[in-house]
Amino acid sequence: MIIGVPKESYPGERRVALVPVVIPNLTKAGFKVIVEAGAGSEAGYPDSHYTDKGARIVSGRAEVFSQAEIILQVLCYGSNDVTGKADLPLMRRGQLLIGFLRPLGSVEVLQQIAATGVTSFAVELMPRTTRAQSMDALSSMATLCGYKAVLLAAVTLPKIFPMLTTAAGTITPGRVFVIGAGVAGLQAIATARRLGAVVSAYDMRPAAKEQVQSLGGRFVELAIEAKDAQDARGYGTAQDEGFYAKQRELLARAVAENDVVITTAVVPGKKAPVLITADMVKQMAPGSVIVDLAAERGGNCELTRSGEVITADGVTIIGRINLASQVPYHASQMYARNLTAFLTYLVKDGKPQLDGNDEIVRETMVTRDGEIANARVREFFKLPAEVRSQ
Ligand code: NAD
């Protein structure tokens, strides 16, 4: 089967779905790879590196879509709500499309994708099982976002992170508070610690406490308990407004006491909870920094503006989105490895194994044969359950 990699078209997106190093693995598994000219250049992978590894460079996007049976993208239409729609006429029945699709975003968009007949897979829906761990693109990207968030905070803060004892006196270490200790949060803790900050963290999932402590962070306990804090897939669950109000009240002190607050608290398919109010920002020392990794989902800080950096009461609030794209070389490498693991699992002897009894296939496949074919997505959008004859 021919795999096609178009150049990413979302404005500012620098990642690419496949990197040269994985191509020999794919070739060995029986795939041929075509890559749109320049697709990897912004991530640090020139065309010649792809051809060296056995891929063929194709000059236009339409050619990639027409020649390939499998299209690999980072941001497909769905997650790419700016330029992604232009790909719809290029998709065709039976073609496989794999990438970030924002499957719990807009049902109209999913229906448009379904109508092309393409068989699409959303990497966001990868089950969190041991078997699927190597295919978990969400975790790969979250890791890089956590890392990059700390670096952004460090260059913005008018202080340094490490404690220094010098002839000019002692400098106290920077204080970093991480709200939400999932994959991104844990990487933020580790990165901030490496830079010498004193790090504390909070998550409503009690299981996070041990992970925070194992990275050398102090776990902030709040006198409030979430109801069923964690779902079967390991994600935090949505709580009622009363819970969030109490959280805000209890978090105020920890927020005010820190130089940097990094927020990552999200719930799949829901707007992010507001955990830092404008009043809480006012209580922070001037020069403090908030990096809101939930910005794209509405933000954990009331003042966050998605995609922007603002200053309020002397506090810089960074709402930049798509941070993984700011480290495109390694983001692409990790993503390409995730996709390679997925593809070699999905396609056997040149044939996609679209077996609905297989958990990985069932959970990630979003559209097939003109329909939204994913039970979780259908339930989320309150569509009637799909009846399949096979
Ligand atoms: P996520 O990105 O969905 O959310 C980030 C964090 O925000 C989560 O830890 C969540 O509990 C927290 N959160 C949500 N609402 C909150 C609130 N109101 N207050 C405080 N915290 C709140 O989650 P994630 O980073 O994808 O990971 C969640 C868990 O899944 C982690 O324990 C992670 O280690 C685990 N995980 C397991 C696998 C696997 O088993 N293969 C893979 C990836 C992640």
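Order of appearance sets the numbers: ligands from 1, and atoms from 1 within every ligand. All residue numbers refer to positions in the sequence shown, counting from 1. As the structure is a computational prediction, the values presented were derived from the model and not from experiment.
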| remark: The option among L138, T129, V183, T263 carrying the non-hydrogen atom nearest to atom 33 (C) of ligand 1 is V183

| request: Step through the shown structure and confirm whether more than 12 heavy atoms of other residues, nucleotides or ligands are within 6.0 Å of CG on D349. | output: no

| said: Suppose I only count heavy atoms of G180 and a 4.0 Å limit; which atoms of ligand 1 are within that range? | reply: 7 (O)

| query | Going by distance only, is there an N or O of D136 that falls short of 3.5 Å from an N or O of ligand 1? | reply | no

| Sub-3.5 Å N/O-N/O distance, L186 and ligand 1 | no

| Would you call A142 a ligand 1 contact, heavy-atom distance under 4.0 Å? | no

| request: Please state whether the rings of Y45 and Y329 are parallel, tilted or perpendicular, taking 30° and 60° as the class boundaries. | output: parallel

| Identity and separation of the nearest protein heavy atom to atom 16 (C) of ligand 1 | A265 CB, 3.6 Å

| message | Does E225 have more than 12 heavy atoms from other residues, nucleotides or ligands lying within 6.0 Å of its CD? | response | no

| Does NZ in K85 sit with more than 12 non-hydrogen atoms of other residues, nucleotides or ligands closer than 6.0 Å? | no

| Nearest non-hydrogen atom to atom 6 (C) of ligand 1 belongs to which of D203, L293, T130? | D203

| More than 12 non-hydrogen atoms from neighbouring residues, nucleotides or ligands closer than 6.0 Å to CZ on R305, yes or no? | no

| When V274 is tested against each of E302, E241, Q247 for side chain to side chain contact (heavy atoms under 4.5 Å, CB included), which residue passes? | E302

| Other residues, nucleotides, ligands: >12 heavy atoms within 6.0 Å of K270 NZ | no

| message | Which of the numbered atoms in ligand 1 are under 4.0 angstrom from any heavy atom belonging to G182? | response | 6 (C), 9 (O), 25 (O), 27 (O)

| query | Mind checking whether P268 has an N or O less than 3.5 Å away from an N or O of ligand 1? | reply | no

| message | Hydrophobic clustering (ILVMFWY, side-chain heavy atoms < 4.5 Å, transitive) - are V74 and I70 grouped together? | response | yes

| said: Is Q239 close enough to touch ligand 1? Criterion: a residue heavy atom under 4.0 Å from a ligand atom. | reply: no

| query | Should R233 be counted as touching ligand 1, given the test is an N or O pair under 3.5 Å? | reply | no

| remark: In this structure, atom 31 (C) of ligand 1 is nearest to the protein heavy atom R205 NH2, 3.4 Å

| Quick one: nearest non-hydrogen protein atom to atom 23 (O) of ligand 1, plus distance? | Y235 CD2, 4.1 Å

| task | Examine distances only and state if a side-chain atom of N258 and a backbone atom of V261 form a donor-acceptor pair shorter than 3.5 Å. | result | no

| query | Are any of the heavy atoms in G185 under 4.0 Å away from ligand 1? | reply | no

| note | Taking only non-hydrogen atoms of Q133 and a 4.0 Å limit, the atoms of ligand 1 in range are 41 (N)

| task | Give the C-alpha distance, both sets of side-chain angles, the deciding distance and a yes or no for side chain to side chain donor-acceptor pair (under 3.5 Å) between Q187 and T191. | result | CA-CA 6 Å; Q187 186 58 43; T191 306; 3.3 Å; yes

| said: Taking G217's backbone N and O only, do any of them form a donor-acceptor pair with R193's side chain (distance below 3.5 Å, no angle check)? | reply: no

| task | Validate the cation-pi geometry between K28 and F31: distance from NZ or CZ to the six-membered ring centre under 6.0 Å, angle to the ring axis within 45°. | result | no

| Can you tell me the protein heavy atom closest to atom 29 (C) of ligand 1 and the distance? | G234 O, 3.1 Å

| task | Identify the protein heavy atom lying closest to atom 34 (O) of ligand 1, giving its residue, its atom name and the separation to 0.1 Å. | result | Q211 NE2, 4.3 Å

| Modelled atom types, side-chain donor and acceptor of D292 and T263, under 3.5 Å | yes

| field | Y244: numbered ligand 1 atoms lying under 4.0 Å from its heavy atoms | value | 18 (N)

| query | Out of N300, V266, V274, whose heavy atom is nearest to atom 1 (P) of ligand 1? | reply | V266

| Which protein heavy atom lies closest to atom 5 (C) of ligand 1, and at what distance to 0.1 Å? | T264 O, 3.2 Å

| Under 3.5 Å, N or O to N or O, is S139 touching ligand 1 that way? | no

| request: Heavy-atom distances under 4.0 Å are what count here, so tell me which part of R128 touches ligand 1: side chain, backbone, both or neither. | output: both

| note | For Y202, the atoms of ligand 1 under 4.0 Å from one of its heavy atoms are 19 (N), 20 (C)

| Are R128 and Y235 in a cation-pi contact, defined as NZ or CZ under 6.0 Å from the six-membered ring centre and within 45° of the axis? | yes

| query | Looking only at heavy atoms, is any part of M204 under 4.0 Å from ligand 1, and if so is it the side chain, the backbone, or both, or is it neither? | reply | both

| query | Ring centres of F100 and F121 under 6.0 Å apart? | reply | no

| field | Contact (N/O only, under 3.5 Å) between Q247 and ligand 1 | value | yes

